[in-house]
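Structure provided below as structure tokens; questions to follow.
We number each residue from 1, following the sequence as shown.
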Amino acid sequence: MDDNKILDKLKAALKIAEIEFLEKKAANNETVILSDKDGNIVEIPAKELLKKRNL
């Protein structure tokens, strides 16, 4: 199988997994811990991240 096809499948699977993860967190009103562009740790509600992903 072509390397690009494998990478495309992996990217698609990761995108689906990310959305499912955020949906589960959002359903339970949980937050996600990330780092901002300066490397600072921030805690963001999963619902907010889902809204941004759907824009």
Drop me the distance from L50's CG to I44's CD1, to the nearest 0.5 angstrom.
12.0 Å

I41 side chain near L34 side chain, heavy-atom distance below 4.5 Å:
no

Could I get the full list of salt bridge (Lys or Arg N to Asp or Glu O under 4.0 Å) partners for E23, not counting sequence neighbours?
none

So, taking the atom named CG in D8 and the one named CG in D2, what distance separates them when rounded to the nearest 0.5 Å?
8.5 Å

Identify whether L49 and I19 are in the same connected component of the hydrophobic contact network (ILVMFWY, side-chain heavy atoms under 4.5 Å).
no

Using a 4.5 Å cut-off on heavy atoms from C-beta on, say whether the side chain of L10 contacts that of I6.
yes

Not counting sequence neighbours, which residues clear side-chain hydrogen bond (donor to acceptor under 3.5 Å, both in side chains) with D38? List them please.
none

Report, one line per pair, each donor and acceptor closer than 3.5 Å where one atom sits in a side chain of residues 26-33; sequence neighbours left out.
from: N28; atom 1: ND2; to: K24; atom 2: O; distance (Å): 3.3
from: N28; atom 1: ND2; to: E30; atom 2: OE2; distance (Å): 3.4
from: N29; atom 1: OD1; to: K47; atom 2: NZ; distance (Å): 2.6
from: E30; atom 1: OE1; to: K25; atom 2: NZ; distance (Å): 3.2
from: T31; atom 1: OG1; to: E43; atom 2: OE2; distance (Å): 2.6

Report the residues that fulfil side-chain hydrogen bond (donor to acceptor under 3.5 Å, both in side chains) with N4, sequence neighbours left out, ordered by chain and then residue number.
none

Does the side chain of K15 come within less than 4.5 Å of E20's, by heavy atoms?
no

